[in-house]
Q: 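For reference, the structure I am asking about is given below.
Below, chain A is the first sequence line, B the second, and so on; all start at residue 1.
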2 protein chains.
Amino acid sequence: MPASARPKRPSLEDVAARAGVSRATVSRVVNGTPTVDAAIAARVDQAVRELGYQPNLSARALVSKRTDTLALVASESDARVFGDPFFSRIVRGSTLEASAAGMQLVLFMPQDPDELDRAERYVRSGAVDGVLLISQHETYDPLPGALIQAGIPVVIGGRPFDESLGVAYVDNDNVTGGRLAARRLVEIGRRRIGTITGPQDMSAGIDRLEGFRSELGEAFRPDLVVHGEFTQQSGMEAARRLLADAPDVDGLFAASDLMALGAFQALHQAGRRVPEDVAVVGFDDIQVAASAFPPLTTVRQQTVLQGRAMVRLLMARARPDLELPPLPGLPGPASDPHLVLPVELVVRESA
Amino acid sequence: MPASARPKRPSLEDVAARAGVSRATVSRVVNGTPTVDAAIAARVDQAVRELGYQPNLSARALVSKRTDTLALVASESDARVFGDPFFSRIVRGSTLEASAAGMQLVLFMPQDPDELDRAERYVRSGAVDGVLLISQHETYDPLPGALIQAGIPVVIGGRPFDESLGVAYVDNDNVTGGRLAARRLVEIGRRRIGTITGPQDMSAGIDRLEGFRSELGEAFRPDLVVHGEFTQQSGMEAARRLLADAPDVDGLFAASDLMALGAFQALHQAGRRVPEDVAVVGFDDIQVAASAFPPLTTVRQQTVLQGRAMVRLLMARARPDLELPPLPGLPGPASDPHLVLPVELVVRESA
DNA sequence: CCAGGATGAGAGAGCGCTCTCTCATGTCTC
DNA sequence: GAGACATGAGAGAGCGCTCTCTCATCCTGG
């Protein structure tokens, strides 16, 4: 069948003709307006089914200014996005919440300025009702400003760098998390405590190090700080560097579980036992943390909840007409546009 | 600023008024029609910039029947999608190709029938020009049929179960891949060769096993077949079961690299050396395969190319008006709607 | 039995754009 | 210098939908 034979999609008009009613009535039935006689509604429903009618989203959006669609933009390499369970959980949480609200979530993973630009044009073209932004880097990112400027509702996952924009966000309490990790290592008697940080152009990386540093105080050893990129590979490499520079390290805070797992590899290869020789604390509490060898002591963050809360916040701004039931588990009022979710230490065997 | 203060977005009309031209002329300039006087085009461009004008996608799509958007639907749990580099590469390939063609790619990861239904409504509402479908399971999936029925261009990644639909697809030569793996293990003198299969409700899982089985012929040992789910965890568990049932196994074909890596874990923990005691061949050639310990012998599939080819195929059906340069690296003519990409054995140290 | 209010269906405008047609210029040729 | 032809800009219809008005019909109560 040649492409030219593509059948014309049925319109409201067609359904109306078939059901013997007006366009307006079909619209009412399709949108669930209650003021339609049951018999007529049934006739319309039948016609809809027979024709396989599907409302044209463009036409609807054009007049109603709503698309019932939200965008999730992760400005990150797809290798990172796909390699890190963190994203999986955020996506899960936001999809759950979007579905519950009857919204569709679409994902964008722009990798370079060109793709970022394309994504921006897309969301600015009115194709979505609001935007979730995650994995923000400090390098100048025009997206949040441009969207806010354009009047598009935005919620950021993590702490925004430019607070002056006044943008809503949902963060994890990364500073406290860093503190908890440091405290645990001190409490179990470690003295030469190093850390593999996250990227220092991301708020999560910065804040976790900040908490770690301030908790350690005098005991903080700048020479035991190595930088990672949140990935397992980077954690392994960082741990190797650390071991080479400071073989006497006896405690290690990895700012992500993936990096902690990488550190495990490096430590094992170097013949160090965990936790006997080096105690390790991670961050995230991803699924495999519990089944790692040894099971990883880590700081748990509520990533699914973060995703849900982000969508809630976004919905409140993008669709104030919708009345949503309160989301359980939030630390503050649901309307608070600056949410910081609590973290907790999960003690297993690695520290 | 209350949400109600959201400024009205500028329309073509506004730009036209500001530039002192007609709506049609602004449309021409915005769409790059060459028949516009340079001076006038400059004036329009200026007005566009001053107003921050962004064409309304809905309005455009309504009349032009094009959205310049493609959907990629991965019917898979987000844990699987995010845990497997395979998806990352497919996404990379399709995004690259979509960008090159000036199209936007949006991702969907429906996890349950409800989300699948929502995604279907979305793509059937005219919000996209075409759909890429990956990670299809044999369990009855109404999506391909429904989309084809609705006249929406579809391309499937992998071998479709229902060939009667005549849908275009891009597959990897999984049968040959299974053969290559088996042949390698035989050639290096292995006699008791087991396999960890992929899911048997997915064509990739079925076909790799089929190739492996037919190559082995008489030497195929049904008792050395264990099933996995393509994940590292499932590979580890499957290898443990295999070792428990058949401690004398000396060769192993894992139908994905992730499962091979899981098998490595199980083998190490069981005190087996790779490749001395058990030779292992994987499938995919994901990035970490080369840096695994030992480096993994595997069957390389061209996943990025697959993603690119899928978009090409889709564009040919969704946008026949666009003339795209040929895509290098394809085994057949670019117009062939049933593409099977070649695979190759990459010999490293594990087998 | 009829005014007055519900109730429920239709008419029609218009969302922001594209694209065909039409028409006013400017340019050339003989 | 007049006719033929490009060239480039405007007019206007209409894409498929929503939503406000308007109006026909039915049920009340006095």
Q: Could you list the residues that satisfy side-chain hydrogen bond (donor to acceptor under 3.5 Å, both in side chains) with A:Arg89, not counting sequence neighbours?
A: none

Q: Hey, is the side chain of B:Lys65 poking within less than 4.0 Å of OP1 or OP2 on D:dG16, counting only N and O atoms?
A: yes

Q: Output every pair passing side chain to side chain donor-acceptor pair (under 3.5 Å) with a member in residues 102-116 of chain A, not counting sequence neighbours, ordered by first then second residue.
A: A:Asp78-A:Gln111, A:Glu115-B:Arg92

Q: Taking all heavy atoms of B:Ala61 and all of A:Ser58, pick out the closest pair and write down the distance.
A: CB-OG, 3.3 Å

Q: Find the distance B:Asp68:CG to C:dT18:C1' and express it as a whole number of Å.
A: 13 Å

Q: In chain order, what residues pass the salt bridge (charged side-chain N to carboxylate O under 4.0 Å, His left out) check against A:Glu50, with sequence neighbours excluded?
A: A:Arg18

Q: Whole angstrom is fine here: how far is it from CG in B:Leu51 over to C1' in C:dG16?
A: 15 Å

Q: Among all residues two or more places apart in sequence or in another chain, which pass the side-chain hydrogen bond (donor to acceptor under 3.5 Å, both in side chains) test with B:Asp162?
A: B:Ser164

Q: Contact list please: residues 30-37 of chain A against DNA chain D, heavy atoms, distance less than 4.0 Å, in numerical order.
A: A:Asn31

Q: Would you please confirm or rule out a distance under 4.0 Å between OP1 or OP2 of D:dA9 and any side-chain N or O of B:Thr25?
A: no

Q: Below 4.0 angstrom, N of the basic side chain to O of the carboxylate: do B:Arg49 and B:Asp45 qualify?
A: no

Q: Counting side-chain heavy atoms from CB outward, which of D:dC17, C:dG10, D:dG16 is closest to A:Val21?
A: C:dG10

Q: Checking B:Arg43 now: which residues fulfil salt bridge (charged side-chain N to carboxylate O under 4.0 Å, His left out) with it, not counting sequence neighbours?
A: none

Q: Between the protein and nucleotides 25-27 of chain D, are there any N/O to N/O pairs under 3.5 Å, and if so, what are the atom names and distances?
A:
none

Q: Ignoring the backbone of B:Ser27, work out which of D:dT18, C:dC17, C:dT18 is nearest its side chain.
A: C:dT18

Q: Give a yes/no answer on whether the side chain of B:Ser64 brings an N or O atom under 4.0 Å of OP1 or OP2 in C:dT18.
A: no

Q: Quick one: does any side-chain atom of A:Asp117 pair with a main-chain N or O of A:Pro113 as donor and acceptor, under 3.5 Å?
A: no

Q: Report the distance from atom CG of A:Leu57 to atom P of D:dG16, rounded to the nearest whole Å.
A: 14 Å

Q: Suppose we screen for side-chain hydrogen bond (donor to acceptor under 3.5 Å, both in side chains). Which residues come up paired with A:Ser135, at least two apart in sequence or across chains?
A: A:Glu76

Q: Rounded to the nearest angstrom, tell me the gap between atom CZ in B:Arg66 and atom C1' in C:dT18.
A: 10 Å

Q: Just the rounded figure in Å: distance from C1' of C:dT18 to CD of B:Glu13.
A: 14 Å

Q: Does the distance from a Lys or Arg side-chain N to an Asp or Glu carboxylate O, for B:Arg319 and B:Asp68, drop under 4.0 Å?
A: yes

Q: Assign the ring pair A:Tyr122 / A:Phe108 to parallel, tilted or perpendicular, where the plane angle (0 to 90°) is split at 30° and 60°.
A: tilted

Q: Quick one: B:Arg60 CZ to C:dC17 P, roughly how many Å, whole number?
A: 8 Å

Q: Sequence neighbours left out, what passes salt bridge (charged side-chain N to carboxylate O under 4.0 Å, His left out) with A:Arg308? Give chain and number order.
A: A:Glu97

Q: Output all residues satisfying side-chain hydrogen bond (donor to acceptor under 3.5 Å, both in side chains) with B:Ser22, sequence neighbours left out; order by chain, then residue number.
A: B:Thr25

Q: For the side chain of A:Ile40, starting at C-beta, report the closest nucleotide among C:dC17, C:dA9, D:dT18.
A: C:dA9

Q: Mind grabbing the angle between the end helix axes of the helix from C:dC1-D:dG30 to C:dC30-D:dG1? Five pairs an end, 10° rounding.
A: 40°

Q: For a quick check under 3.5 Å, do B:Arg124 and A:Asn56 share a side-chain donor-acceptor pair by atom type?
A: no

Q: Separation of B:Asn56 atom CG from C:dC15 atom P, in whole Å?
A: 12 Å

Q: Look for any protein N or O under 3.5 Å of an N or O in nucleotides 11-14 of chain C and output each such pair with its distance, or none.
A:
from, atom 1, to, atom 2, distance (Å)
C:dA13, N6, A:Arg23, NH2, 3.0

